[in-house]
Asker: 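Below is a structure I'd like to ask you about.
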Amino acid sequence: MKELEDICRIQVKFSEIDSMQRVWHGIYVTYFEDGRESFGRRYPGIAYADMQQAGIYAPIYDMHIKYYAPLGMNDVAVIHTSYLYKPGARLDYSYKVYRESDHTLCAAGSTTQLFIDPEGQLIVDKPDYYQQWQNKYLDLLLNVSQL
């Protein structure tokens with residue numbers, strides 16, 4: 001099966017730089033979130049606004065990041081965000097962050113989000129809006145990969 005991917009670009013800001021004149025490692029968590037937000041706009045139905053409208057939240061349960069090369073002031077980070085299908089009530093994404101000027105891989109990682117209700121209780125069944133999103137986009141992917 002092919003994958004659903006979004007690519008967004010973020011210019012490094014002064015506030016993201018550490019004492020070594022490099023992007024501070026914790027900023028990559030924000031870049032991953034920027035990637036998820038952009039992904040949600042490209043593939044409507046699972047964006048943060050969709051979750052809020054459904055009264056459901058999806059906090060980060062697990063995150064992994066590996067760092068390969070630095071980003072510096074005024075570099076442009078190119079964030080590739082891919083949806084990873086996993087069975088169950090969860091959202092899984094992988095990320096690759098490149099430096100635009102030379103296409104160097106700077107960081108890679110993944111996140112898993114679990115669904116909770118407004119009281120903070122774990123939701124073990126897929127929310128309706130998420131199942132509808134999967135039906136739309138995963139069926140589309142399966143049909144494209146069979147061509």
Asker: Should Ile79 and Val76 be counted in the same cluster of Ile, Leu, Val, Met, Phe, Trp and Tyr side chains packed under 4.5 Å apart?
Answerer: no

Asker: Do Tyr130 and Phe115 have their ring centres less than 6.0 Å from each other?
Answerer: yes

Asker: Please report the shortest heavy-atom distance between Pro59 and Ile116, naming the atom on each side.
Answerer: CD-CG1, 3.8 Å

Asker: Do Tyr31 and Met73 sit in the same hydrophobic cluster, where Ile, Leu, Val, Met, Phe, Trp and Tyr count as joined when their side-chain heavy atoms come under 4.5 Å apart?
Answerer: yes

Asker: Using side-chain heavy atoms (C-beta onward) and a distance below 4.5 Å, is Glu100 in contact with Asp75?
Answerer: no

Asker: Counting only N and O atoms by type, is there a donor-acceptor contact under 3.5 Å from the side chain of Tyr67 to the main-chain atoms of His25?
Answerer: yes

Asker: Answer yes or no: are there more than 12 heavy-atom neighbours, outside Asp102 itself, under 6.0 Å from its atom CG?
Answerer: yes

Asker: Assess, by modelled atom type and distance only, whether the side chains of Asp128 and Gln132 contain a donor and an acceptor separated by less than 3.5 Å.
Answerer: no

Asker: Tell me, do Gln21 and Ile17 make a side-chain contact under 4.5 Å, heavy atoms counted?
Answerer: yes

Asker: Let me confirm one number: the CD-CZ distance from Gln11 to Arg9, rounded to the nearest 0.5 Å.
Answerer: 12.5 Å

Asker: Are Val97 and Leu71 side-chain neighbours, meaning at least one heavy-atom pair lies under 4.5 Å?
Answerer: yes

Asker: Ile65 versus Val29: any side-chain heavy-atom pair under 4.5 Å?
Answerer: yes

Asker: Do you know which two heavy atoms are closest between Ala89 and Val124, and how far apart they sit?
Answerer: CB-O, 3.6 Å

Asker: Cluster question for you: counting only ILVMFWY and a side-chain heavy-atom cut-off of under 4.5 Å, with indirect links fine, are Tyr57 and Ile123 together?
Answerer: no

Asker: Any idea which heavy atoms bring Pro44 and Trp133 closest together, and the distance?
Answerer: O-CD1, 3.1 Å

Asker: For Glu5, is there any backbone N or O sitting under 3.5 Å from a side-chain donor or acceptor partner on Tyr43?
Answerer: yes

Asker: Are Val12 and Val78 grouped together when hydrophobic residues (ILVMFWY) are joined by side-chain heavy atoms under 4.5 angstrom apart?
Answerer: no

Asker: Look at the aromatic rings of Tyr98 and His80 and report parallel, tilted or perpendicular, splitting at 30° and 60°.
Answerer: perpendicular

Asker: Is the backbone of Ala69 close enough, under 3.5 Å, to the side chain of Arg22 for a donor and an acceptor to pair up by distance?
Answerer: no

Asker: Any non-hydrogen side-chain atom of Arg36 less than 4.5 Å from a side-chain atom of Ile60?
Answerer: yes

Asker: Over all heavy atoms of both residues, which pair between Gly35 and Cys8 is shortest? Give the atoms and the distance, please.
Answerer: CA-SG, 4.0 Å

Asker: Considering only heavy atoms from C-beta outward, does the side chain of Tyr95 approach that of Met63 to under 4.5 Å?
Answerer: no

Asker: Which heavy atom in Asp6 sits nearest to a heavy atom in Phe39, and how many Å separate them?
Answerer: OD2-N, 3.6 Å

Asker: For the OG1 atom of Thr111 and the CD atom of Glu33, what is their distance to the nearest 0.5 Å?
Answerer: 10.0 Å

Asker: In sequence, state the C-alpha distance, the side-chain angles, and the governing distance for Glu16 and Trp24, and then conclude on side-chain contact (heavy atoms from CB on, under 4.5 Å).
Answerer: CA-CA 6 Å; Glu16 299 170 343; Trp24 177 63; over 6 Å; no

Asker: Is it true that atom NZ of Lys126 has more than 12 heavy atoms of other residues, nucleotides or ligands lying nearer than 6.0 Å?
Answerer: yes

Asker: Is it possible for you to say whether Phe32 and Leu105 belong to one hydrophobic cluster, with membership spreading through side-chain heavy-atom contacts below 4.5 Å?
Answerer: no

Asker: Quick check against the 3.5 Å criterion: does Gln113 have a side-chain atom that pairs as donor or acceptor with the backbone of Leu91?
Answerer: no

Asker: Quick check for you: to the nearest 0.5 Å, what is the distance between Gln131 atom CD and Leu138 atom CG?
Answerer: 9.0 Å

Asker: Tell me, with the steps shown, if Tyr137 and Ile46 meet side-chain contact (heavy atoms from CB on, under 4.5 Å).
Answerer: CA-CA 11 Å; Tyr137 288 105; Ile46 59 168; over 6 Å; no

Asker: So, for Tyr83 and Gln134, which heavy atoms are closest and what is the spacing to 0.1 Å?
Answerer: OH-NE2, 2.8 Å

Asker: Apply side-chain contact (heavy atoms from CB on, under 4.5 Å) to residues Tyr93 and Leu4 and explain how you reach the verdict.
Answerer: CA-CA 10 Å; Tyr93 295 97; Leu4 296 174; over 6 Å; no

